[in-house]
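Quantities reported herein were computed from a predicted structural model and do not represent experimental measurements. Throughout, protein chains are lettered first and strands after them, A, B, ... in sequence-line order, and every chain is numbered starting at 1.
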There are 2 protein chains.
Amino acid sequence: MSRPPLAREKVLDAYEAILIADGARAATMEAIAREAGVSKGGLLYHFESKEALEAALIARMTDLALADIAELSADADGPVAAFVRTSVMTGHPLDRAITATSKLAQTGNVAASDALRGIRDRWADLVRPHVRDDAALQLVLLVSDGLYFNNALVTGVLPGPLPRDAELDALVELVVEATRGA
Amino acid sequence: MSRPPLAREKVLDAYEAILIADGARAATMEAIAREAGVSKGGLLYHFESKEALEAALIARMTDLALADIAELSADADGPVAAFVRTSVMTGHPLDRAITATSKLAQTGNVAASDALRGIRDRWADLVRPHVRDDAALQLVLLVSDGLYFNNALVTGVLPGPLPRDAELDALVELVVEATRGA
DNA sequence: GTCTATATACAGATAGAC
DNA sequence: GTCTATCTGTATATAGAC
């Protein structure tokens with residue numbers, strides 16, 4: 001946990017980058033090692049198996065998400081606005097970790113699906129007191145899921161059909177308005 | 001196109017079933033053949049490669065989606081309500097095809113991502129005239145994306161955290177209300 | 001049109017040098 | 001702690017019998 005070796009982080013960054021850019025099929029041990037600038041043997045010194053590597057990625061995502069949840073609680077605009085807004089921060093560590101973990105989940109990795117569902121439940125707990133009812137809660141969560149899903153769908157390059165800047169502001173405003181508590 | 005051989009359909013059903021239940025990693029030619037009740041050789045008579053099989057799945061999804069779009073146009077409740085509602089029809093052919101194609105897209109299959117984006121654009125064209133502005137359009141599409149994403153995340157069994165019945169009615173009502181055109 | 005048997009390729013993992 | 005070389009398992013695809 002505390003002060004993880006730099007090489008491990010470098011490998012996890014490489015793993016995420018390949019998952020995000022090229023998908024799970026391309027994320028072989030050899031490709032990850034190459035991207036991280038080490039050999040396959042060197043990689044396997046830090047992570048004894050592919051499964052261990054996957055587990056480390058999932059753990060990193062969970063840590064970042066829990067930190068995000070703590071931050072959102074303190075946001076001045078209110079958790080709903082902050083939550084929707086952070087769902088579209090392409091390139092930020094948490095966003096990358098979630099997108100990568102989603103790709104992993106879709107290949108059949110149960111630990112990845114479980115972790116994503118767990119984090120989603122925590123977000124739900126955070127948002128629930130700030131919306132009027134269950135339908136409103138579902139709406140907020142589903143918009144966030146949709147933003148992540150679209151992020152995950154964009155393999156290769158960046159742009160995609162996601163709302164940005166003024167467009168995102170309008171979406172956030174609409175979601176907040178439609179779900180605000182009594 | 002017209003009246004495809006039964007064996008091909010049976011194989012595609014098997015492919016979808018494995019993608020949905022166990023993820024892309026488990027969807028090997030051998031597993032697909034077994035699920036379809038044929039041998040690997042028999043499967044390869046109908047689909048000359050894994051790539052051909054993937055292309056056929058994507059084509060089937062596109063056909064079903066275009067038919068769905070045609071139906072939605074005629075729905076009495078209005079396209080927005082019908083669109084959100086059909087996004088959660090677990091077990092229906094279109095829903096299965098989209099979920100399966102999503103799993104494929106996450107492994108790095110570019111044709112799958114492109115097809116999904118193309119269908120999403122068509123849905124956007126259908127919904128746009130019925131909502132008040134761009135933010136509203138994004139909201140409707142993102143809720144639908146979120147519903148599919150959650151479907152895709154539930155590997156193994158059915159339930160999941162998706163809204164059902166009365167809960168779904170309330171969500172649909174909220175989305176329609178929040179996005180209705182002037 | 002469907003099968004079995006086999007060829008080829010490559011991913012994950014091990015062994016041991018440096 | 002990182003490397004190269006190699007082993008093993010498994011996935012796709014081919015060949016050819018039935």
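- A/Asp63 and A/Arg60 are not joined by a salt bridge, as no carboxylate oxygen comes within less than 4.0 angstrom of a charged side-chain nitrogen.
- With D/dC3, C/dA13, C/dC3 as the candidates, the nucleotide lying closest to the side chain of A/Val38 is D/dC3.
- Taking atom CZ of A/Phe47 as the reference point, atom P of D/dG1 lies 14 Å away to the nearest angstrom.
- For A/Arg25 and B/Glu54, the salt-bridge test passes: some basic side-chain N is under 4.0 Å from an acidic carboxylate O.
- Distance, A/Leu6 CG to D/dT2 P: 10 Å, rounded to whole Å.
- Applying the 4.0 Å criterion to OP1 and OP2 of D/dT2, one finds that A/Tyr45 has every side-chain N and O outside that range.
- Out of D/dT4, C/dT4, D/dA13, the shortest distance to the side chain of B/Ser39 is found at C/dT4.
- With rounding to whole Å, B/Arg8 atom CZ is found 12 Å from C/dT2 atom P.
- The distance between atom CG of A/Leu44 and atom C1' of C/dA15, rounded to the nearest whole Å, is 12 Å.
- Salt bridge status for B/Asp169 with B/Arg85: present, with a side-chain N to carboxylate O gap under 4.0 Å.
- Within the nucleic acid shown, B/Thr28 comes within 4.0 Å of sugar-phosphate atoms alone, with no base atom in reach, counting heavy atoms only.
- Listed candidates were C/dT2, C/dA13, D/dT12. Nearest to the side chain of B/Ala7 is C/dT2.
- Distance NZ (A/Lys50) to P (C/dA11): 9 Å, rounded to an integer number of Å.
- Set against D/dT12, C/dT2, C/dA13, the side chain of B/His46 has C/dT2 as its closest nucleotide.
- Checking side-chain atoms of B/Arg132 against main-chain N and O of B/Ala178 turns up a donor-acceptor pair under 3.5 Å.
- Rounded to whole Å, atom P of C/dA11 lies 14 Å from atom OH of A/Tyr15.
- Atom-to-atom, CG of A/Leu43 to C1' of D/dA5 comes out at 17 Å; the value is rounded to the nearest Å.
- Whole-Å rounding puts the A/Ile18 CD1 to C/dA11 P distance at 12 Å.
- Counting only distance, with no hydrogens or angles, the side chain of A/Asn150 and the backbone of A/Gly146 share a donor-acceptor pair below 3.5 Å.
- Mapping A/Glu30 and A/Glu48 onto DNA chain C by nearest heavy atom places A/Glu30 closer to the 5' end of the strand.
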